[in-house]
Structure formats: C-alpha cells, structure tokens
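Down below is the structure, laid out as structure tokens.
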There are 2 protein chains.
Amino acid sequence: METHPFANTHLRIELNERLYLRDPQQTDLGRRLMAESIKLIDEIGFEQFTFKRLAIRIESTEASLYRYFENKHRLLVYLVSWYWAWLSYQIRFHTHNVPNPAERLRLMLRILTRGHQCDAATMQVDGAALYRIVVNEASKAYLTKDVDQDNQAGLFREYKRLAAGIAAVVSEINPTYPYPHMLVSTLLEATRKQLFFAQHLPSLTNSAEQKTAEETVYAFLENLVFKALT
Amino acid sequence: METHPFANTHLRIELNERLYLRDPQQTDLGRRLMAESIKLIDEIGFEQFTFKRLAIRIESTEASLYRYFENKHRLLVYLVSWYWAWLSYQIRFHTHNVPNPAERLRLMLRILTRGHQCDAATMQVDGAALYRIVVNEASKAYLTKDVDQDNQAGLFREYKRLAAGIAAVVSEINPTYPYPHMLVSTLLEATRKQLFFAQHLPSLTNSAEQKTAEETVYAFLENLVFKALT
DNA sequence: CTCGGTATGATAGTAACACTATCATAAACG
DNA sequence: CGTTTATGATAGTGTTACTATCATACCGAG
C-alpha cells in the first residue's frame, strides 16, 4: 500500500472520499469516465463540457455518470486532485535520495514545469491532456462561492499537502525566510499561469526565441525563488 | 473629453468598444447595470449570476441587458477591464511626480494591494465589491477556450497595458533583469491569489497575527520583487 | 408640432443544461 | 440460488442563455 516497486504495478492514488460519490478508480466505467473526461475537457474546455456529451462519447448515460460525481465541478476537483497527488508521488520518487535541499527544490521545480511527462502507463489517462487541464482549469476548482465548504470537506487536501511538502524544503534551505508558504503557493500558481500566458498572452511573458516556454518558466522561477531565499 | 481637472468631474474611463454592444457608461440603465451587477456578482458569485436575476434586481428586463453585453462573460471582462483601467489611472496619479523608480514600484505595490480604496465618488460603483470580484473572478475572464479570439479582439488590453507600465519601472530599476514581464504578471496574479488564499485557504499563506492580510501580502511581494531585482 | 430615430419594456419562445426519479436487467458474489 | 450492485433506458423538471417581435415613450431636427 505504501510503495509500488514494480513499474507495471498500478499506482494507487488515494483521494478524499468526499470528492466522489462512487470511486471511479474501482470500476471499468469509472476509469473510462476519468480517461475520456480528461480528453473531452481538454478538447472543448470545462464550460462547454457536460455529462451528457461525455455519456455519448463513452456510450453510457448521463444518469450513470451522475452516480460517480455530484456534478462536473466535483469531477474537475477530482481530476485536479488526482494530478496533485500524482505530482507529489513523482516528487517523492525523484527526490527522496537527494540530500541537498537546494538541489531537491530545483528538482521539484523541474518536475513542476514538466508536469506533462506523466508516464502513460500510470493509468490509462492522457498525461499531457491532464496537465493542460491543470494549467487551464485548475483555478476554477477553488474560485467558487463554495470554497470554504469545499475546503472544510477536505477537497483541496492534495494541493495543500503538495504545497506543504515544498514549503518544508524552502524552510530547510533558509529557516529564517518569513514567507515559505506564500512563496510556494505563488510558485505553484505562477508555474501554471506563466505557461498559460506563454501560450495565449505572450506579452505578459519574456519568451526567448531559442528556448521552450517550459525552460524559460523554469529559469524564471529558479531565479525568483533562490534570490528570495538568500 | 481628454482631461478632467476637477475632482468632481466624472472620471471618464475609455474602454475597448468591442467589450460591449452598447456603452453602459452612456445611459442611465447602463450605469445601473454596472453598479448593480458588481453588487450582485459579489454577493452570489459569477456562476450563480444571471442577466435574469440582475434584470429583476434593477427592475428592467433580460432583453434590455442583452443590448449592452453579449453575455455575462463579456460583462465580467468589461468590469475587470474597468478596474484595471481605473487602477492604471490611480497609479499614474499617485506616482507621476515620484522620481525614484524603486519608490515608484513600492507605491504601485501599495496601490495594488489596497485596490479596494476606490474613491466612491469615481463612479456610482462599489469599489470594495469590485475589488472582491477582481480577486475572486478575474481569472475567469481569460481562462476560456476563447482566450485567443478575445485577446485578438483586444479585450485584455487594459490588463496588458497595466502590466507593461509596471514592467517599464522594473526595467528602470534593473535594466539587466531578464524577466521583467514574467515578474510583473506573476506579481499581479500573486496579489489577488494571496489575498484569496488568506481569506479561504490560509494554510497556503503566512498570516501574521497582528497584521492584516494586505500588509502581509505587501511585505511578501516587496521582499520578493526587490530581491529578484538585486 | 410633427416626424423619425433611439432606448426600453413586455412577452414569448427555443434549445440546451443540470439535474432527479423510476424501472428494467445483467453480472457478480455469497 | 437468491440477492446485492452496477449499469442502462427513459422520462421529466426547472433553469439558463439566449433571440425575436412588437409596443411605447422620449428626444431632437426640421
């Protein structure tokens, strides 16, 4: 339950039960729901996405899908949480034997900005599409009138857990830095926003001709964070 | 039409014509639309907000409101743009005779984090409510599948203009800093996000007991930006 | 004072959306 | 073998996001 040493073994991601009505990872329909909703949301955007459309796509029915999630908003929170949990796992996996905290933080930044390299084997999910959803739609998960309720129900646990993990490293690098949590949440948000801007509002970024957006964002964030910590 | 030297004179904020179908600042109904939509969106949130509800509230009709804005998304973009334009004006007004660029940037940060102190006289709009809308909903203005179209139509001009203005000061402080635009857009986004987190997801921030959220966010951002520029 | 445009209101209608309920059925499990 | 359990099929409801049409009230020009 703790570790899965074999590549082939399915990585079991445990999420807050209150995110769903029925666990989509337990059943065939649930897994199709997840895999296809990721593709569909990526294609048409979250506002255009409906359970009806998804049902047609996976040749199921609206009613069946509503048995898994109360509504599409909960599904979004679920998908995003799943991504954060997966990212936490990736980070743990790639940094657990790196003793230098600065080096560990750099590795985390790398993983954050290259979040799409989800090994396809992990689940049947399209990692690149899920990453695009996180970039484009993740903010909508908490920018609602229900934030406080949702938060109390623990729906943002995975995000907060990830942030706390990174903040710990920040404090390890510089224990006197007064804003580790703010720095980390700014970091997490900025990663996505800058990638979004690079694609859609380039005047808000500094895109270098010869570099990819990810590399530029990484360089910017590395510079920002380590200067803040000195 | 160009300048209004008297305090009592209504500040005329010129926005991209493509933001609206009919200029809401020109008519009585338009101004009521603006003022009341701000209050209503603030109260119930953008997803719950409908033209129908607003029409009932201002004792008009749905059809009449649709003559001003294509849909509620355009209205949101308009309101947010209005805020950015107003903020640009505030910044120009308060910094035009400050020679030191570092001091100017600090003033800008102050104005950004205290954006709610909209002098009520400016329009009939509720400045505090509009600021809350900017914090809670502004991201939704561009996080859509239509970003590129909307951007091409110039709907985000005010935001980009504001960012460019601040970026110029950043470059004035340190002309060799390689990421002025990224720093500024990160700054603008982080301001809102951190205020949101302080209110709803405090574990993502470092809230000091004796300080207000605005002061803490200001201190954090000032530290972050000036360290980045040294 | 009349004429013509302009802003608004009143009313109606439509397609899609966001569900909820009920009943049938087939597989899985004990 | 009987009973849960998951799914499908179908129907229905209230709301949303518009669009269309027509009436009316006002306002400025001739």
Side-chain angles (χ1 to χ4, degrees), chain A residues 17-37 40-41 43-79 124 137 140-141 143-146 149-150, chain B residues 17-37 40-41 43-79 124 137 140-141 143-146 149-150:
Chain A
E17 285 183 7
R18 304 180 71 168
L19 283 166
Y20 48 80
L21 298 172
R22 180 175 299 167
D23 186 354
Q25 292 184 104
Q26 299 275 350
T27 65
D28 180 63
L29 181 64
R31 284 182 290 267
R32 275 191 297 147
L33 189 171
M34 246 189 100
E36 288 300 318
S37 66
L40 191 52
I41 293 173
E43 278 173 38
I44 64 178
F46 184 65
E47 358 292 316
Q48 307 308 317
F49 171 85
T50 68
F51 277 5
K52 177 119 196 158
R53 261 193 249 257
L54 179 59
I56 291 167
R57 183 104 149 207
I58 63 182
E59 285 172 314
S60 176
T61 63
E62 245 184 311
S64 296
L65 303 185
Y66 274 104
R67 288 179 184 120
Y68 283 86
F69 293 98
E70 277 182 50
N71 50 52
K72 70 173 182 171
H73 181 258
R74 287 296 172 107
L75 169 60
L76 177 64
V77 179
Y78 180 88
L79 292 177
Q124 296 85 338
E137 326 280 6
K140 297 168 192 168
L143 291 178
T144 3
K145 274 285 163 187
D146 306 326
Q149 260 178 267
D150 289 359
Chain B
E17 286 182 7
R18 306 181 70 168
L19 282 166
Y20 48 80
L21 299 172
R22 181 176 296 164
D23 186 355
Q25 292 184 104
Q26 299 275 349
T27 65
D28 180 62
L29 181 63
R31 284 182 290 269
R32 276 192 295 146
L33 189 171
M34 244 188 101
E36 288 299 319
S37 65
L40 191 51
I41 293 173
E43 278 173 38
I44 64 177
F46 184 64
E47 359 291 317
Q48 306 308 317
F49 172 84
T50 69
F51 277 5
K52 178 119 194 157
R53 263 192 250 257
L54 179 59
I56 292 166
R57 184 106 150 205
I58 64 182
E59 284 172 314
S60 177
T61 62
E62 245 184 311
S64 296
L65 302 185
Y66 274 105
R67 288 179 184 121
Y68 284 85
F69 293 97
E70 278 182 48
N71 50 53
K72 70 172 183 171
H73 181 257
R74 286 295 172 107
L75 170 60
L76 177 64
V77 179
Y78 179 88
L79 293 176
Q124 296 85 337
E137 326 280 5
K140 296 169 193 168
L143 290 178
T144 4
K145 274 284 162 189
D146 306 326
Q149 260 178 268
D150 289 358

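This one's a predicted model, so the numbers in the text were calculated from it and none came from an experiment. A, B, ... follow the sequence lines: proteins, then strands. Residue 1 opens every chain.
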Sidechain-backbone polar pair: A:K140 side chain, B:L143 backbone, donor-acceptor under 3.5 Å: yes
Spacing between A:L65 atom CG and C:dT20 atom P, to the nearest angstrom: 14 Å
Basic-acidic side-chain contact under 4.0 Å: B:R57, B:E43: yes
Nearest-angstrom distance from the residue atom OH of A:Y66 to C1' of C:dA18: 4 Å
Residue from B:Y20, B:Y68, B:F51 passing side-chain contact (heavy atoms from CB on, under 4.5 Å) with B:L33: B:Y68
N/O donor-acceptor pair under 3.5 Å between A:R74 side chain and A:R18 backbone: yes
Contact check, side chains of A:E36 and A:L54, non-hydrogen atoms, under 4.5 Å: yes
Nearest-Å distance for atom pair CG/P, residues A:L54 and C:dA18: 13 Å
Between D:dT5 (C1') and A:D23 (CG): distance, integer Å: 15 Å
B:K72 NZ to D:dC18 C1', straight-line distance once rounded to whole Å: 13 Å
Atom pairs under 3.5 Å: protein N/O with N/O of nucleotides 8-12 of chain D:
{"unit_1": "D:dG8", "atom_1": "OP2", "unit_2": "A:S60", "atom_2": "OG", "d": "2.4"}
{"unit_1": "D:dG8", "atom_1": "OP2", "unit_2": "A:S64", "atom_2": "OG", "d": "3.1"}
{"unit_1": "D:dG8", "atom_1": "N7", "unit_2": "A:R67", "atom_2": "NH1", "d": "3.3"}
{"unit_1": "D:dG8", "atom_1": "O6", "unit_2": "A:R67", "atom_2": "NH2", "d": "2.9"}

D:dT16 phosphate, OP1 or OP2, under 4.0 Å from B:R53 side-chain N/O: yes
Sugar-phosphate, base or nothing in reach of B:Y68, heavy atoms under 4.0 Å: sugar-phosphate
With sequence neighbours excluded, residues passing salt bridge (charged side-chain N to carboxylate O under 4.0 Å, His left out) with B:E62: none
Phosphate OP1/OP2 of D:dT15 contacted by B:T50 side-chain N/O (<4.0 Å): no
Whole angstrom value for the distance that separates P of D:dT7 from CG of A:L21: 13 Å
Whether B:E137 side chain and B:F46 backbone form a donor-acceptor pair below 3.5 Å: yes
Between P of C:dA16 and CZ of A:F49, the distance in whole Å: 18 Å
Spacing between B:L76 atom CG and D:dA17 atom C1', to the nearest angstrom: 16 Å
